[in-house]
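Worksheet for the structure shown next.
Values below: every heavy atom of this structure, side chains too, minus hydrogens, waters and symmetry copies. Below, chains carry the letters A, B, ... as their sequence lines are ordered, and counting in each starts from 1. Everything numeric here is computed off the predicted structure, so don't read it as measured data.
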Amino acid sequence: MPLFPEVVSAETRKKDSNFTHGDHRTQQSLARKQLIAQQRKSLPIAAVEKRLVDEVRKNDTLIIVGETGSGKTTQLPQFLFNAGYCADGKVIGITQPRRVAAVTVAKRVAEECNVNLGQKVGYSIRFEDETSSTTRIKYMTDGLLVREALLDPFLSRYSIIIVDEAHERTVHTDVLLGLLKNVQHARSQSMLKQQSFDRLNGKNPVISDKEVKNQGISGLKACQHAKCAPLKLVIMSASLDARGFSEYFGGAKAVHIQGRQYLVDILYTYHSEPDYLDATLITIFQIHLEGGPGDILAFLTGQEEIESVERLVHERARQLPEGSQKVLVVPIYSALPSEQQMNVFKPAPPGHRKVILATNIAETSLTIPGIKYVIDPGLVKARSYNHVTGMESLIIIPISKAQALQRSGRAGREGPGKCFRLYPESEFGKLIDSTVPEIKRCNLSNVVLQLKALGIDDIIGFDFMEKPSRMAIVKSLEQLSLLGALTDDYKLSDPVGLQMARLPLDPLYSKALIMASDFKCLEEMLIIVAMLSVESIFYFPREKLEEARASRKSFLSSEGDHITLLNVYRGATECLEKSKAANIKEKTVEKSLNKWCRENFINNRSLKHARDVHSQIKGHVQQMGLVISSCGDELVQFRRCLTASFFLNAALKEPDGSYRAIASSQNVQIHPSSVLFRTKPDCIIFNELVRTNQNYVRNLTRIDPLWLPELAPQYYEAQK
DNA sequence: GAGCACTGC
């Protein structure tokens with residue numbers, strides 16, 4: 001029996017790009033069209049089209065609870081388009097928490113509508129905009145829509161905004177929900193004003209400053225003249241409990257759509273397992289020896305666990321009786337280079353069972369075909385943030401009930417499956433219902449800065465679905481003040497605060513760019529900020545650790561990690577320029593860069609990302625009128641600039657070789673990944689403070705302690 | 001001597 005997932009498969013995507021003419025092709029494309037029509041008709045949501053459109057018409061805000069496979073993401077926007085919600089050139093916007101989802105869904109819907117991508121149906125994500133003036137159904141990431149609100153506070157081009165996967169509660173989703181609630185209110189107010197004004201046929205309606213403040217929206221005046229029709233909101237969630245969303249939107253109506261998911265048998269252990277890695281290993285082989293065909297997906301918490309279980313599986317597989325089915329172990333986690341990530345999609349060779357060892361990446365981000373068995377130890381590595389110390393930590397915690405459900409669902413995509421929970425059923429009852437929203441677990445500086453830029457001055461009074469603690473907000477306000485982004489009365493400062501809000505970066509990095517303009521090393525800082533904004537540039541595979549280390553030496557700077565990163569970026573640029581000069585095709589240029597990455601143990605995905613960030617940010621700073629100059633070999637100048645920018649993150653060496661972070665008085669160690677791990681200079685500036693097994697600082701540069709009072713007197717003079 | 005997962009006009 002076929003299963004039609006909401007997101008198109010890789011095979012479907014391939015067919016998109018291969019579209020050509022010709023008789024055979026025409027026949028194929030006709031068959032494909034029929035298949036699509038058939039698939040659409042058989043989706044659970046197809047039966048309730050009229051009812052859904054009616055509910056949207058009747059309710060300003062509608063909550064849709066849709067299970068996996070209901071087809072809500074691809075179908076609802078088309079229903080609403082057909083119901084006339086794009087009249088007058090208005091757009092239906094659908095937000096997704098992830099880029100790939102926005103792209104693949106948009107491609108699928110364009111195909112279903114039989115249009116080229118970027119025409120009626122398009123998508124917009126960071127670095128990629130596949131939309132045009134004719135786009136009416138627009139898929140995008142939620143973060144992008146928040147950014148868009150900075151330019152158009154009323155989101156005036158949208159008639160409807162659909163927030164998909166709202167149950168994931170990313171920071172962006174939560175900020176967006178608050179923002180949309182404001183915009184919806186403001187737009188219905190503006191409509192009322194407009195209507196009463198039309199009746200009175202007098203002058204322009206006037207809205208007082210007080211009202212602007214009440215609505216917490218800047219630029220309301222700008223919208224007075226343009227007729228802003230009311231904004232419809234649809235919040236889509238996969239969690240079974242819609243109450244939270246409904247309450248937040250003033251008792252909004254919630255409807256439920258059935259999904260299409262095969263039955264998954266849930267099995268629990270009798271007792272708690274003290275060693276979940278060993279339990280995972282035992283279960284893998286129990287399934288392998290006793291279970292029917294089908295691949296196994298085991299959820300582990302990180303790279304280290306995955307690598308160690310991988311070794312253990314290999315060892316034990318050797319002891320399997322002669323002639324029994326073999327095991328193919330495939331690891332997958334975010335930091336793994338993309339070529340190796342792709343291995344999870346390859347089917348196992350004949351006579352093999354595939355065992356996938358994954359982090360949370362396989363919970364929502366990747367859908368791996370062929371999974372029949374899921375092993376779930378019930379744990380996850382999660383980020384938490386201490387607002388008092390500014391310390392981030394990665395801790396292993398129990399998952400939520402919602403996560404357990406999501407994980408087990410991975411076994412029922414293509415047929416009935418089994419999920420082995422490595423804990424007793426009584427433990428399941430003790431799990432929290434859903435994961436704590438990210439907004440309660442992260443540094444809020446960026447959120448606060450963006451809200452300020454949107455004209456919302458009272459952050460503590462802002463109507464978040466779940467309010468972050470007062471302390472968290474106050475700390476962020478303090479940090480932004482220290483960076484000069486806020487005035488004495490906590491308003492956004494001009495130009496520094498405004499410029500910082502415009503840059504899609506951590507506020508600290510935005511400030512560093514502004515500083516670098518004064519220090520005449522903006523060229524270097526652009527590179528550093530881009531490199532610091534991405535994950536793990538260096539790749540250290542366990543089996544080639546020594547080679548990888550030797551390779552990093554060629555980029556190493558004794559001044560620290562920042563200049564080492566600078567050297568890597570320049571090395572890559574040099575490689576690109578060389579192959580460009582050789583006048584070869586663009587594809588070959590890319591290939592030679594990938595080869596360079598492989599040879600130098602650089603993660604090519606991270607480097608590509610850094611290059612994208614670099615070019616985007618460079619565009620922004622140029623627009624802002626900052627001068628991009630280089631300090632050349634005067635790297636002291638650059639290190640002084642790092643000091644002036646990151647003065648809040650300085651640490652001094654203690655007699656025992658550990659460090660004391662000056663601002664928070666915490667005892668920290670240099671992270672072993674730093675090039676200064678052995679050198680241990682007297683005074684350093686760092687970018688990250690992370691607690692794992694110990695308190696670690698990462699991404700550091702050696703500085704002269706005397707630079708601190710000289711370059712950040714506002715902080716270090718007051719400290720004395 | 002060590003790196004959950006996402007994301008940004």
Side-chain angles (χ1 to χ4, degrees), chain A residues 95-102 124-129 131 140-153 155 165 168-176 299-307 332-336 358-366 379-384 392-397 399 403 406 435 438 441-442 446-447 449-450 453-454 501-507 509-510 530 533-542 545 548-549 603 606 609 612-613 616-617 619-620 623-624 669-674 677-678 688 690-694 696-699:
Chain A
T95 69
Q96 296 289 329
R98 277 173 297 280
R99 291 160 56 92
V100 269
S124 191
I125 57 176
R126 189 183 189 186
F127 312 129
E128 279 177 53
D129 184 11
T131 62
M140 63 196 127
T141 43
D142 45 17
L144 194 106
L145 188 60
V146 174
R147 286 270 152 196
E148 218 177 283
L150 287 177
L151 291 182
D152 175 12
L155 299 167
E165 312 284 7
E168 288 193 20
R169 304 292 303 277
T170 66
V171 188
H172 291 132
T173 306
D174 274 25
V175 171
L176 188 61
F299 285 99
L300 297 169
T301 68
Q303 181 181 347
E304 203 181 295
E305 280 185 14
I306 289 176
E307 282 172 350
I332 179 140
Y333 44 89
S334 157
L336 200 70
T359 59
N360 246 8
I361 194 169
E363 200 177 285
T364 46
S365 307
L366 286 182
L379 298 166
V380 66
K381 197 180 274 186
R383 171 184 297 184
S384 77
E392 231 177 41
S393 41
L394 286 171
I395 40 173
I396 295 173
I397 55 167
I399 57 172
Q403 267 181 299
Q406 174 73 24
T435 315
E438 199 187 357
R441 294 183 284 131
C442 70
N446 218 350
V447 170
L449 187 65
Q450 283 190 18
L454 283 159
R502 254 179 77 183
L503 292 163
L505 287 171
D506 183 320
Y509 296 165
S510 302
S533 299
V534 304
E535 293 291 316
S536 44
I537 280 286
F538 293 103
Y539 172 60
F540 291 99
R542 190 173 284 262
L545 213 53
R549 274 184 200 147
N603 186 325
S606 299
H609 189 186
D612 282 339
V613 174
Q616 188 192 30
I617 305 301
H620 278 295
Q623 260 182 13
M624 285 165 23
Q669 307 278 342
I670 292 182
H671 194 275
S673 66
S674 171
F677 178 65
R678 283 174 201 284
E688 265 183 282
V690 192
R691 180 175 179 82
T692 49
N693 295 326
Q694 290 189 68
Y696 284 116
V697 286
R698 264 201 304 227
N699 290 326

Within the structure shown, what part of the strands sits under 4.0 Å from [X] by heavy-atom distance: base, sugar-phosphate, or nothing?
| X | result |
| --- | --- |
| A/Leu394 | base |
| A/Asn446 | base |
| A/Arg383 | base |
| A/Arg502 | base |
| A/Gln616 | sugar-phosphate |
| A/Leu505 | base |
| A/Arg549 | base |
| A/Ser334 | sugar-phosphate |
| A/Tyr696 | sugar-phosphate |

Q | A/Arg98/A/Glu168 ion pair, N-O < 4.0 Å | A | yes
Would you say [N] has OP1 or OP2 under 4.0 Å from some side-chain N or O of [X]?
| X | N | result |
| --- | --- | --- |
| A/Ser673 | B/dG3 | no |
| A/Thr359 | B/dA5 | yes |
| A/Thr364 | B/dA5 | no |
| A/Thr692 | B/dA2 | no |

Q: Let me know, please, whether A/Ile125 or A/Ile332 comes out on the 5' side of the other along DNA chain B by nearest nucleotide.
A: A/Ile332
Q: Starting from the 5' end of DNA chain B, give me the residue, A/Phe538 or A/Arg147, whose nearest nucleotide shows up first.
A: A/Phe538
Q | Residue list, salt bridge (Lys or Arg N to Asp or Glu O under 4.0 Å) with A/Glu438, at least two apart or on another chain | A | none
Q) Does a donor on one side chain sit under 3.5 Å from an acceptor on the other, for A/Asp142 and A/Thr173? A) yes
Q: State, without any angle test, whether A/His671 and A/Ser673 hold a side-chain donor-acceptor pair at a distance under 3.5 Å.
A: yes
**Q.** Non-neighbouring partners of A/Ser606 that pass side-chain hydrogen bond (donor to acceptor under 3.5 Å, both in side chains), sequence neighbours left out
**A.** none
(Q) Between B/dG1 and A/Arg678, counting only base atoms on the nucleotide and side-chain atoms on the residue, is there a donor-acceptor pair under 3.5 Å? (A) yes
